[in-house]
Amino acid sequence: FLVGNKLADIELKSLKSKEFFTNDDFKNNKYTLINFWASWCAPCKVEHPTLMKLSQNKNLVILGINFKDKEPQAKTFLSELGNPYDLLAKDKSGKHSVKFGIYGIPESILINKELMIIQKFVGPLSVDDYNIIIKTIE
């Protein structure tokens with residue numbers, strides 16, 4: 001998945017229910033930040049305050065994709081640190097992440113409502129990444 005390309009068709013199982021998320025779920029959002037994370041991932045804890053800050057922006061929907069994690073641990077992680085995600089999906093096997101070009105976590109992809117990839121962030125989101133995202137979406 002490269003910047004400037006359109007997001008391929010996706011189908012992600014919700015972490016909280018039996019529903020699935022598809023590309024149609026992102027077409028009504030001005031911008032969507034897709035964030036791959038796990039409770040066992042130390043750098044995910046490092047970037048979490050940045051995600052919490054980003055979650056306050058009304059122009060951005062954040063989709064969290066829980067990567068190769070156990071559901072109880074994922075839910076504990078979010079209840080202890082806060083939940084920045086508007087939508088939560090799971091990728092138990094890691095197969096969906098490969099479709100996104102994810103090699104390790106955390107990684108994040110910023111898309112617009114046309115499902116074009118605007119930015120890709122490898123590693124924990126930093127203050128600089130936060131500023132790039134805010135500048136892009138406002």
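The first residue of the sequence shown is numbered 1, and numbering continues consecutively from there.
Scanning both residues, A89 and F21, for their nearest heavy atoms gives CB-CD1, 3.9 Å. Minimum heavy-atom separation, D129 to P124: OD2-O, 3.8 Å. Annotation for L7 and F100: closest pair CD1-CE2, 3.7 Å, computed over non-hydrogen atoms. Annotation for C41 and P106: closest pair SG-CD, 3.7 Å, computed over non-hydrogen atoms. L33 and S108 get closest at one heavy-atom pair: CD1-CB, 3.9 Å. The nearest pair of heavy atoms linking L63 to L88 is CD1-N, 4.3 Å.
Here the NZ-CG distance, from K6 to N23, works out to 8.5 Å after rounding to the nearest 0.5 Å. Once rounded to the nearest 0.5 Å, the distance linking OG1 of T136 with NZ of K30 reads 13.0 Å. One distance of note links CZ of F67 with CD of E107; it measures 9.0 Å at 0.5 Å rounding. Between E80 atom CD and K45 atom NZ the span is 8.5 Å, to the nearest 0.5 Å. Note: K92 NZ to L15 CG = 8.5 Å, rounded to the nearest 0.5 Å. Expressed to the nearest 0.5 Å, how far CG of L60 lies from OG of S55 amounts to 9.0 Å.
Cluster membership for I34 and I102, using ILVMFWY side-chain heavy atoms within less than 4.5 angstrom, is shared. Linking Ile, Leu, Val, Met, Phe, Trp and Tyr residues whenever their side-chain heavy atoms come within less than 4.5 Å leaves L81 and W40 in two separate clusters. F26 and I137 fall into different hydrophobic clusters, defined by Ile, Leu, Val, Met, Phe, Trp and Tyr side-chain heavy atoms under 4.5 Å apart, directly or through other members. Grouping the Ile, Leu, Val, Met, Phe, Trp and Tyr side chains by contacts below 4.5 angstrom, directly or via other members, places I65 apart from V122. Under a hydrophobic-cluster definition in which Ile, Leu, Val, Met, Phe, Trp and Tyr are linked whenever side-chain heavy atoms come within less than 4.5 Å, directly or via other members, L115 and Y31 are assigned to different clusters.
A heavy-atom distance below 4.5 Å is not found between the side chains of T32 and N112. Q119 has its side chain within reach of I132: a pair of non-hydrogen atoms, C-beta onward, lies under 4.5 Å apart. Between V3 and I118 the shortest side-chain heavy-atom distance does not fall below 4.5 Å. Proximity of T76 to L78: side-chain heavy atoms (C-beta onward) are nowhere separated by under 4.5 Å. Residues I134 and N57 are in side-chain contact: their nearest non-hydrogen atoms beyond the backbone lie under 4.5 Å apart.
Looking at K120, its side chain does come within 3.5 Å of a backbone N or O of G101 through a donor-acceptor pair. At least one donor-acceptor pair under 3.5 Å links the side chain of N83 to the backbone N or O of Y85. Checked by atom type and distance alone, the side chain of N59 never pairs as donor or acceptor with a backbone atom of E138 at under 3.5 Å. Distance alone, capped at 3.5 Å, is enough to place a donor-acceptor pair between the D91 side chain and the S97 backbone. When atom types are taken as modelled, the side chain of D25 and the backbone of T22 share a donor-acceptor pair closer than 3.5 angstrom. In this structure a side-chain-to-backbone donor-acceptor pair under 3.5 Å is missing from Q73 to D69.
Around NZ of K70, the count of heavy atoms belonging to other residues, nucleotides or ligands within 6.0 Å does not exceed 12.
Look at E71 and K90 and you find a salt bridge, because one of the NZ, NE, NH1 or NH2 atoms lies within 4.0 Å of a carboxylate O, short of that distance.
Between D128 and N131, the side chains place no donor N or O within less than 3.5 Å of an acceptor N or O (distance only, hydrogens not considered).
With sequence neighbours excluded, no residue forms a salt bridge (Lys or Arg N to Asp or Glu O under 4.0 Å) with D9.
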_What verdict does the side chain to side chain contact (heavy atoms under 4.5 Å, CB included) test give for F121 and I133, after you've listed the backbone C-alpha separation in whole Å, the side-chain angles of each residue and the deciding distance to 0.1 Å?_
CA-CA 10 Å; F121 303 94; I133 293 167; 3.6 Å; yes
*Take L12 and F20 through the test side chain to side chain contact (heavy atoms under 4.5 Å, CB included) and record every step on the way to the result.*
CA-CA 5 Å; L12 297 163; F20 284 85; 6.0 Å; no
Side-chain polar contacts of residues 46-53 - donor-acceptor pairs under 3.5 angstrom, sequence neighbours left out - could you list them?
unit_1: E47; atom_1: OE1; unit_2: L125; atom_2: N; d: 2.8
unit_1: E47; atom_1: OE2; unit_2: N35; atom_2: ND2; d: 2.9
unit_1: H48; atom_1: NE2; unit_2: G82; atom_2: O; d: 2.8

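W37 has its ring centre less than 6.0 Å from the ring centre of F77.
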